[in-house]
Q: 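Please see the structure below; I have some questions.
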Number of protein chains: 2
Amino acid sequence: MQQLESNGVVQVSRTKKLNLKQVAEELGVSTATVSNAFNRPDQLSAKLRERILLEAAELGYHGPNLAARTLRRGESDVIGVMLLDSLTYSLSDPVANQLLQGIAEVLVERNKHMLLLSSRIEAGQQRGAESLPDGFILYGAIDQHSFDFILKTGKPVIVVDSEYKETASVNIDNQNGAFRIAEYAIHDENEKVAILGLRLINTDRVCRLTEADLAQESQEVSQARLAGYQMAAEQKNCHIPAASMWHIPINDAELAEIAAREALTVNPRPTVLLCMSDIIALAAIRVARELNIRVPEELSITGFDDIPESARSEPPITTVCQQSIEKGRMAARLLLDGKAKEHLVLETRLVVRGSCR
Amino acid sequence: MQQLESNGVVQVSRTKKLNLKQVAEELGVSTATVSNAFNRPDQLSAKLRERILLEAAELGYHGPNLAARTLRRGESDVIGVMLLDSLTYSLSDPVANQLLQGIAEVLVERNKHMLLLSSRIEAGQQRGAESLPDGFILYGAIDQHSFDFILKTGKPVIVVDSEYKETASVNIDNQNGAFRIAEYAIHDENEKVAILGLRLINTDRVCRLTEADLAQESQEVSQARLAGYQMAAEQKNCHIPAASMWHIPINDAELAEIAAREALTVNPRPTVLLCMSDIIALAAIRVARELNIRVPEELSITGFDDIPESARSEPPITTVCQQSIEKGRMAARLLLDGKAKEHLVLETRLVVRGSCR
DNA sequence: TTGAAAGCGGTACCAT
DNA sequence: ATGGTACCGCTTTCAA
């Protein structure tokens, strides 16, 4: 397909970027035909299509410009994924990460692209990336402002690990999961139970709760897990006072160690430590080892999430599998299949490993 | 700003999406002024700008449509990040993950967006997402086809953990890192050294190498690490035969366990196990425990990468910190600052922890 | 299968 | 600060 230019140089490397129209001219066909070759194979003969695709590639044209096509069609094939907090933090969190894996799997399968968005909207910094995606997946308790903003685009939205009446959602049964693991870990009324909770109150310091805190509304997920723990404890005739509950502001190993250290040095020492994430449970195991507390003989530790690392620790962690990857898949499917009103609740599964008596 | 419609209903929720032109009409200003309000604050009075932003928001207009703006300006403020293998796999890999964290950090800071791309281009499935980004960051040894494809867009490209003469790159000194850790772990000529290598040859099964394999070219990164190991071993008068090296096709815990099990059951048993990733080293520690081999007393294990989990294992892993997050930051900065020709090589750092004698 | 043409929603230049 | 306008690249309808 290379042709001699008038100056005799073989035209190997065109530097100029061609557009569809120019490609059509070069190939001696109409723009409609070139467009169809890329978008609607049924509108032309297989042979012509083949030729067009091939020669276009040789001209350095690899398909319609996404911006132009999006503008014209009103569809970008891009899905926006908005994560709670900063992108950087979310990427480091194993649970968010598994969710992204599930989403990515389905999007790739369906030929969609994934645009990562942060829910942190800087004051006055509208950057308008929200206008590109055909739909959104929001993870976690996105602040009302960002949520409204996304909603106002009028595009389909699926929420994960949170619930709003306006949109479809994918959740797990946090309360039931927490109930079952607590029921499993707490043997009888003689247990001393402590809880290492995640995002229970609104402060960014690690601290114990007070009875007053328990009356406050907190983030749904944590609230549900806490309720599940308490229900199980009551059923075993155990009471867990607020002073035996710790608040950890983010799911971070170091903060969790601080809380675990406090919780394991009170007197009398807990016999059961219910942790609201595996990251926290892993930290608790490390602290227990540091303090020469044998797990599980002297202390049962439970996690939540079932991240890969929880199966690899010593001892491995008894936890609640929340199927994060599957949640991602479901969210993506709901979105792509236009199920804009469903509220899915996935089952949790109790995963028994070595960290409990 | 709400107005009464002729039917007397307060016009709170317009359902119709407005565009910039309509907003301009509603506000009684020109399109240029609205556009300037969003893009060039210096072109109008602060007061007018304030008013426009506010009233536009009330009309449900949150800024220029990204597709249209991109089409017109030729810039999207979107950066494409292309990962080796499937997106799903890459997201699960802690090193890729840290890289993404670093990239995300800088992009958010600079008001850019991140589009995740997979290097797996399905046969004939050009979908043109490549036309959107203003530039690309490629991670790992992307296949030549995808690489050429991206290069042909003519947009700036930064490669991480790989090197091509056509583009800027960010790498670490793999050979030196490997050399130093091997030098640290191998005490004298009496050591029996085994290597659990990553992507050393071209097969997707775990297997031992043969002498013939060593003559083959393999992926640069692995090759460099292997060379570093060998250099250190020679310096201690140790020879590492090909039969003491294992190939692991991907950085996966289960595959690594298989290899570790083979390596630790040969006779005589190795005294030093050099692992080309922390995931592999962590697997080796588990296998050693299973086989009742004491680490580090009977067996020194080294890792590579310094992922967070390596500091948390028991014993924690002596490894090479490759600053993955920083690599991500540097790559993003290089790209955004238009340094299209630099080849950065970051320092590695030997991180001594408990897994070596 | 084709040619022609109307926008999709903005930006930026120009003259005013 | 404004109105007017050409144009960014593509899709799709229409008539041929």
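Just so it is clear: chains get the letters A, B, ... in the order the sequence lines come, proteins before strands, and each one is counted from 1.
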Q: Which parts of nucleotides 4-13 of chain D does protein reach within less than 4.0 Å, heavy atoms only, written one letter per nucleotide 5' to 3' as B for base, S for sugar-phosphate only and - for none?
A: -BBBBBBBB-
Q: Select base, sugar-phosphate, or nothing to describe what A:Ser45 touches, counting heavy atoms under 4.0 Å on all strands.
A: sugar-phosphate
Q: So, using ring-ring contact (aromatic ring centres under 6.0 Å, His included) as the criterion, who are the partners of A:Phe147 when residues are at least two apart?
A: A:Tyr164
Q: Toss me the dot-bracket line for DNA chain C: Watson-Crick and G-U wobble, both under 3.5 Å, 5' to 3', using | for pairs to another strand and [ ] for crossers.
A: .|||||||||||||||
Q: Going by an N to O cut-off under 4.0 Å, is there a salt bridge joining B:Lys47 and B:Glu50?
A: no
Q: Specify the separation, in whole Å, of atom CG of B:Leu27 and atom P of D:dA1.
A: 15 Å
Q: Could you go step by step and tell me if A:Arg69 and A:Asp77 meet the salt bridge (Lys or Arg N to Asp or Glu O under 4.0 Å) rule?
A: CA-CA 10 Å; A:Arg69 149 193 242 161; A:Asp77 289 343; 5.2 Å; no
Q: If you take all heavy atoms of B:Gly135 and B:Lys155, which pair is closest and at what distance?
A: CA-CB, 4.4 Å
Q: Residues in side-chain contact (heavy atoms from CB on, under 4.5 Å) with B:Asp148, at least two apart?
A: B:Gln144
Q: Residues in side-chain contact (heavy atoms from CB on, under 4.5 Å) with B:Lys341, at least two apart?
A: none
Q: Under the 3.5 angstrom rule, does the side chain of B:Gln22 hit a backbone N or O of B:Asn19 as a donor-acceptor pair?
A: yes
Q: Could you tell me whether a side-chain N or O of A:Arg51 sits under 3.5 Å from a main-chain N or O of A:Leu27, the two making a donor and an acceptor?
A: yes
Q: Please check this pair: side chain of B:Asn171 against backbone of B:Val160, looking for a donor-acceptor N/O pair closer than 3.5 Å.
A: no
Q: Please answer whether the main-chain N or O of A:Thr31 pairs with a side-chain N or O of A:Ser35 as donor and acceptor at a distance below 3.5 Å.
A: no
Q: Reading DNA chain C from 5' to 3', where do the contacts with chain B start and stop? Cut-off is 4.0 Å to heavy atoms.
A: C:dG9 to C:dA12
